[in-house]
Engineer: 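Pasting in a structure now, in C-alpha cells, and then I'll have a few things to ask.
Residue numbers begin at 1 in each chain, while the letters A, B, ... track the order of the sequences. Scope of the values below: all heavy atoms of this structure, side chains included, with no hydrogens, waters or symmetry mates.
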There are 2 protein chains.
Amino acid sequence: MPRPRSLTPDQLASAALAVIDRDGLAGLSMRAVAQELGMSTMGLYRYVRDREELERLVVELVLSAVDTEPPNPGASWREQVEVLVRRLRDTVGAHPEVVPLTIAHRHHSLGVLRWAETVLAVLTEAGVEGERRVVALRGLLSYAIGAIQLEHLGALSGPGTTAITELSPAEFPHMTETARDARNVGADQEFLGGLAILLDGLGV
Amino acid sequence: MPRPRSLTPDQLASAALAVIDRDGLAGLSMRAVAQELGMSTMGLYRYVRDREELERLVVELVLSAVDTEPPNPGASWREQVEVLVRRLRDTVGAHPEVVPLTIAHRHHSLGVLRWAETVLAVLTEAGVEGERRVVALRGLLSYAIGAIQLEHLGALSGPGTTAITELSPAEFPHMTETARDARNVGADQEFLGGLAILLDGLGV
DNA sequence: ACCTGAACACCGTTCAAGT
DNA sequence: ACCTGAACACCGTTCAAGT
C-alpha cells in the first residue's frame with residue numbers, strides 16, 4: 001500500500017473504466033491506463049499492488065453507483081424488490097464489459113453488500129426469513145447476473161436469435177418457433193418478465 | 001479451414017481442457033496446448049484459425065456432454081425441467097474454469113441448442129407458449145448461468161460468507177444474520193432452492 | 001507442399017539506474 | 001526518497017526459411 005499522491009483511487013478507476021468503455025476489456029492494460037493518465041506505466045504501481053487491484057477498483061467504482069436507498073416504503077415488497085433488482089441491472093448494464101470483472105471481484109464490493117442489505121430488509125419485512133431468505137437473495141442475484149450477461153452477449157431478439165431462426169425446423173421445432181415469438185420481446189420485457197416469475201415464486 | 005491430419009477437433013479440445021483443468025483458464029495458451037499434444041505451437045494452426053476457435057472447441061466439448069434426452073416422460077413438467085436444469089449445472093460445473101468461455105461462445109453451441117429444445121418441449125407440453133415461453137426459457141438459462149458462477153466463485157457457506165459474518169452488524173444487520181443462516185445451506189440446496197422458486201413462479 | 005522456429009508486437013512486473 | 005525506463009518472461013500470430 002504505497003501512499004497515493006496526486007490521484008485518488010476513484011480517478012485511477014475512472015481512467016481504467018474509460019479505457020474499457022472505449023477499447024473493451026481486452027484493451028485494458030497497465031500501459032493503456034498509464035497513457036490515459038499521462039503518467040509512466042510503473043507510476044500506477046504507486047497506487048495499486050497489481051493489475052488485479054486495479055480491476056477491483058473499477059468494479060467498486062461501477063457497483064458503488066448502484067442506488068441502495070430503500071425504494072418507496074409505501075410500495076409492496078414485490079415492487080420494492082423489483083426496483084432494487086432493476087437498479088442493479090441498469091447500473092451494471094451501463095458498462096457491460098465490466099461484468100466479468102464484477103463477478104470475479106464481487107466479494108470485495110461494498111456496493112453490492114449494501115445492495116444486498118437493502119434487499120434483505122425488504123424481504124424480511126415481507127416475512128421471508130431463515131434459509132428461505134438465504135435462497136431468495138442468492139436466487140435474485142444469480143438471475144440478475146446471468147440475465148445481464150445473456151442480455152449483453154446477444155438479446156433473444158438480436159442477431160443470435162436470427163441464426164436460430166435459420167436452424168433446421170425438423171431438428172429444432174420448438175427453438176425455431178420460440179425464436180419467432182422472441183422477435184416481439186424487448187430486452188426490458190424479457191428481463192422484467194423473468195424477474196416477475198421469480199417474484200411470483202417468492203410470493204407462493 | 002486447413003485439413004486436419006492426425007488429430008480430431010475433439011482431441012484438440014480435450015488437450016486444451018486438460019490444460020484448463022490443471023492450470024486454470026489463465027494457464028491456457030497456444031504454447032501450453034501444443035506442448036500438451038507434443039507438437040509445435042504453430043502446428044495448432046493447422047486445425048484452428050486462432051485462439052478463439054480453440055476456445056469454441058472447448059466450449060462445444062463441455063456443452064455437448066450435457067444429456068439432452070427428454071427425462072422420464074411420466075414425471076410432471078416441473079420435475080422434468082428440474083432434471084434438465086440440474087444436468088446443465090452439473091455438467092458445466094464439472095469444469096468451472098470454462099464457464100466464462102461458455103458464456104462468450106454460447107451461440108455457437110449445438111449442445112446448448114439441443115438442451116434448450118428439450119426444455120421448450122417440456123414447457124410446451126405444460127401449456128407454456130408464446131412470449132411467456134420465451135421469457136421462461138431465458139429466465140431458466142439466466143438463473144442457471146448466474147448460479148453456476150456464484151457457486152464456483154464462493155458458495156454462500158464458504159470463506160466469502162465468513163468475511164460477511166465479520167461485517168459491522170450495525171451497518172449490515174440483515175447481512176450478518178443471513179450469513180449465519182447460510183452456514184447450514186449447502187450448494188445443492190441453494191441451487192435447487194432458487195430453481196424451486198422459479199418453478200413455483202412458472203406454475204402460477 | 002508441409003511444417004516450424006525465429007521474429008514481431010504485445011503483456012504484467014522486476015529491478016537497477018537515474019534524479 | 002522518489003520515479004522510471006530498460007529488461008525479463010510471457011503471450012498470439014506472421015512469415016520466411018527449412019525440409
Engineer: Between A:Met30 (CE) and C:dT14 (P), how many Å, whole number?
Structural biologist: 10 Å
Engineer: Between C:dG12 atom P and A:Glu53 atom CD, what is the distance in whole Å?
Structural biologist: 15 Å
Engineer: To the nearest angstrom, how far is B:Met42 atom CE from C:dC8 atom C1'?
Structural biologist: 13 Å
Engineer: Say whether, by atom type as modelled, one donor and one acceptor occur between the side chain of B:Glu171 and the main chain of B:Ser168 under 3.5 angstrom.
Structural biologist: no
Engineer: Which residues pass the side chain to side chain contact (heavy atoms under 4.5 Å, CB included) test with B:Ala32, not counting sequence neighbours?
Structural biologist: B:Val19, B:Ser29
Engineer: Reading DNA chain D 5' to 3', what string of ( ), [ ], | and . shows its pairs, if Watson-Crick and G-U wobble pairs count only when both distances fall under 3.5 Å?
Structural biologist: ||.|||||...|||||.||
Engineer: Rounding to an integer number of Å, can you tell me how far B:Leu44 CG sits from C:dT4 P?
Structural biologist: 10 Å
Engineer: Output the rounded distance in Å from OH (A:Tyr47) to P (D:dC2).
Structural biologist: 12 Å
Engineer: Does a side-chain N or O of B:Arg51 approach OP1 or OP2 of D:dT13 to a distance below 4.0 Å, or not?
Structural biologist: no
Engineer: Measure the distance from CG on B:Leu25 to C1' on D:dC11 and round it to the nearest whole Å.
Structural biologist: 14 Å
Engineer: Using a 3.5 Å distance criterion without hydrogens, assess whether the side chain of A:Glu60 forms a donor-acceptor pair with backbone atoms of A:Leu110.
Structural biologist: yes
Engineer: Take the protein atom CZ of B:Arg46 and the nucleotide atom C1' of C:dA1, then report the distance between them rounded to whole Å.
Structural biologist: 9 Å
Engineer: Counting just side-chain N and O atoms, does A:Ser29 come under 4.0 Å of either OP1 or OP2 of C:dC11?
Structural biologist: yes
Engineer: Using a cut-off of less than 4.0 Å, is there contact between a side-chain N or O of A:Arg31 and OP1 or OP2 of C:dC10?
Structural biologist: no
Engineer: To the nearest Å, give me how far apart OH (B:Tyr45) and C1' (C:dT4) are.
Structural biologist: 13 Å
Engineer: Identify whether NZ of Lys or CZ of Arg in B:Arg86 sits under 6.0 Å from the centre of the six-membered ring of B:Phe191 and within 45° of that ring's axis.
Structural biologist: no
Engineer: Has B:Thr118 got a side-chain atom pairing as donor or acceptor with B:Thr68's backbone, closer than 3.5 angstrom?
Structural biologist: yes
Engineer: Between B:Gln80 (side chain) and B:Ala75 (backbone), is there a donor-acceptor pair under 3.5 Å?
Structural biologist: yes
Engineer: Evaluate the salt bridge (Lys or Arg N to Asp or Glu O under 4.0 Å) criterion for residues B:Glu55 and B:Arg51: first the C-alpha distance (whole Å), next the side-chain angles of each, then the deciding distance (0.1 Å), finally the verdict.
Structural biologist: CA-CA 6 Å; B:Glu55 292 180 354; B:Arg51 183 193 160 118; 2.9 Å; yes
